[in-house]
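Numbering of ligands and ligand atoms starts at 1, following listing order. In this chain, numbering begins with 1 at the start of the sequence shown.
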Amino acid sequence: MADYILVLDEGTTSTRAMLFASDGVLAASAQKELTQHYPQSGWVEHDAAEIWDKTLACANEVIPKAGGAAMIAAIGITNQRETVVAWDKSTGEPLTRAIVWQDRRTEPFCIELRQAGHEAEVQRRTGLLLDPYFSGTKMRWMLDNVPEVRAAADEGTLAFGTVESWLMFKLTGGDHVSDASNASRTLLMELAGEQFDEGLCDLLGVPHAALPRVVDMSGALGETETSLFGRAIPITGLVGDQQAATIGQACLAPGETKATYGTGAFVLTNQGSTIPRSENRLLGTVLTQIGGERTYAIEGSVFVAGSLVQWLRDSLGIVDVASQTEELAKSIPDCGGVTIVPALSGLGAPHWRAEARGVITGLSFASGKAELARAALEAMAHQTYDLAQAFAADGTAWGTLRIDGGMAANDWMAQDLADMLGLPVERPDFIETTALGAAMLAAAGAGLYPDLDSAAQTMRGKLARFEPNMEADVREDRLTRWRKALAAA
Ligand code: ADP
């Protein structure tokens, strides 16, 4: 019986194909690294043709492990959000390199829009801030700077899309669609709007005709061209990576929260069907759209999480591998007053201080590797604590925190999070929550489950739980140290 789900997981550094059984157990996977292009400081590009080629290669590697395309019930796609691809609808070929979410080249345009007083209105309508992170200003940059993109716009053959949209076009042989979670990261769709908004397109100078149709995230969304895999496979799940992880952690009821600790950290809280309005510079975003019905999330991101541990490893040589930070942290009773503010590339939510830089305070001759490693891990709980305060101020206090991402493997950090937040922290045994979330949407969309809730209940794996256990005065001391250090950043 065809009951495998094929997930295409389009990350920033790699493309993967993962085969899930209908109960959520991973059966096989294949992975290929993506080339990162850095043409100038602050610029990051991908080759969209490479993304497509490697996606196809990974899919072809795992499909035989299911017993062939006939055994695959459905495909789910999850992707790095905000990255923009421009292609020609008539040839199906990219017109220029994709501009990656991390790329900062549109900062001057964002400043111009902010100075013209547009930010409050844009935030109210889209839930986002005027920051180069989001897709819309990247599209405008391509139109202004790549003659082929402008020419295709004039000819009426230009297609813009995020990575899931590009893959849908290639897989289906020409459908130009984007799911609501990815669309909600462009600055071009209102949180309350069904489709891209003409007024927002005019403000950013992006032709509405070049944009995809916004579709659901689960259901009959398209079918692969028969020539690709020998059979038309239904595509029944489409979702941006952070929303996928939120779903993969089964945060499907209002208030449920997940935090992903990878290179950076991303926290999303389910808001139910209420459109989020942050007073604390958090983002509002679409979490799910199924049968035209939406749920929303509040999102806060921290720029530096695991990358701080990488810095300890690669620049300071304090550890050989990231996981050694755990032994070092456990080897001492406290960090002797050492505090790290990991603002190595500015501070994200809720501070949003792009110009801030990192600080280490409280150094003495007694400070060594262990103190620095422990202070680096403590900084994760401090940053998360500040986010928790901002979420609570927006009326969304967390109940438990569900964690994932590469850093979440660190037990000491998981316990410290529970202690500092004063909340239980849960961590699934199966840590690939992003791919799992896409599998849940695809499984529900293909009718293997009656709805997303039942898919999540069955497919979600076992959890480890960390209970808070810290004296209040210890926590207060830590927070006082953190606040002082933060003021110096
Ligand atoms: P991304 O998806 O952003 O590439 P991952 O989720 O793979 O990141 O997480 C990798 C990051 O987690 C790296 O920055 C690494 O330094 C950090 N990391 C991995 N394992 C541990 C660990 N046991 N303790 C602390 N940090 C870790």
Side-chain angles (χ1 to χ4, degrees), residues 7-16 18 26 29 31-36 44 46 78-83 100-102 133 163 239-246 248-249 258-268 299 301-331 335 340 342 344-345 348 358 369-384 402-418 425 427-438 464 466:
V7 170
L8 306 176
D9 180 357
E10 308 293 333
T12 308
T13 55
S14 76
T15 280
R16 291 192 297 179
M18 299 171 82
L26 183 67
S29 70
Q31 181 166 17
K32 295 201 185 292
E33 297 298 313
L34 286 180
T35 316
Q36 310 290 314
V44 190
H46 285 167
T78 179
N79 60 300
Q80 46 162 317
R81 306 175 300 174
E82 298 98 9
T83 297
V100 176
W101 60 273
Q102 296 148 315
Y133 177 28
V163 171
V239 56
D241 55 9
Q242 296 308 320
Q243 283 88 342
T246 310
Q249 290 266 32
K258 74 89 199 180
T260 300
Y261 296 90
T263 306
F266 294 87
V267 181
L268 273 82
E299 174 172 330
S301 21
V302 165
F303 298 145
V304 178
S307 53
L308 181 66
V309 173
Q310 268 166 0
W311 179 74
L312 292 184
R313 187 192 63 190
D314 302 338
S315 299
L316 301 190
I318 283 178
V319 291
D320 296 322
V321 289
S323 56
Q324 274 173 4
T325 52
E326 181 165 350
E327 303 151 36
L328 285 171
K330 282 180 179 159
S331 72
C335 36
I340 303 182
L344 283 77
S345 54
K369 289 182 180 185
E371 283 75 13
L372 285 169
R374 184 166 168 138
L377 296 182
E378 284 189 353
M380 301 305 133
H382 298 154
Q383 298 190 103
T384 310
R402 300 177 187 168
I403 63 169
D404 53 45
M407 255 197 130
N410 192 307
D411 283 351
W412 190 89
M413 188 194 85
Q415 182 60 48
D416 194 52
L417 278 169
V425 165
R427 181 182 69 199
D429 290 349
F430 180 69
I431 211 76
E432 300 289 352
T433 52
T434 303
L436 185 62
F466 301 84

Going by heavy atoms in the side chains, are [X] and [Y] under 4.5 Å from each other?
X    : Y    : answer
T433 : K258 : no
Q36  : H46  : yes
T12  : Q102 : yes

Give the residue, atom name and distance (to 0.1 Å) of the protein heavy atom nearest [atom].
atom                    : answer
atom 23 (N) of ligand 1 : S323 CA, 3.4 Å
atom 18 (N) of ligand 1 : A322 CB, 3.7 Å
atom 9 (O) of ligand 1  : G406 CA, 3.2 Å
atom 17 (C) of ligand 1 : M407 CG, 3.7 Å

Are any of the N or O atoms of [X] closer than 3.5 Å to those of ligand 1?
X    : answer
N410 : yes
L377 : no
G306 : yes

Is the backbone of A305 close enough, under 3.5 Å, to the side chain of Q383 for a donor and an acceptor to pair up by distance?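 Judged by distance alone, no pair lies under 3.5 Å.
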When you measure from the side chain of R374 to the backbone of A329, do you find a donor-acceptor pair of N or O atoms at a distance under 3.5 Å?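 Here the side-chain-to-backbone pair exists.
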Report the distance from atom [atom1] of [X] to atom [atom2] of [Y], rounding to the nearest 0.5 Å.
X    : Y    : atom1 : atom2 : result
L308 : R313 : CG    : CZ    : 12.0 Å
L312 : T325 : CG    : OG1   : 8.0 Å
E326 : M407 : CD    : CE    : 10.5 Å

Counting from 1, what ligand 1 atoms have a heavy atom of [X] closer than 4.0 Å?
X    : result
V309 : 16 (O), 26 (N)
G262 : 3 (O), 5 (P), 6 (O), 8 (O), 9 (O)
S307 : 14 (O)
T263 : 1 (P), 3 (O), 4 (O), 8 (O)
T325 : 24 (N), 25 (C)
G405 : 6 (O)

Compute whether any side-chain donor of one residue and acceptor of the other, for Y261 and T384, lie under 3.5 angstrom apart.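 The answer is yes; a qualifying pair exists.
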Pair E10, T15: side-chain N/O donor-acceptor within cut-off below 3.5 Å: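 On atom types as modelled, these side chains qualify, holding a pair under 3.5 Å.
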Counting heavy atoms only, which of M380, Q310, E326, M413 is nearest atom 13 (C) of ligand 1?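 It is Q310 whose heavy atom sits nearest to atom 13 (C) of ligand 1.
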Looking at atom 26 (N) of ligand 1, tell me if a protein heavy atom falls under 4.0 Å from it.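 Yes, at least one protein heavy atom sits under 4.0 Å from atom 26 (N) of ligand 1.
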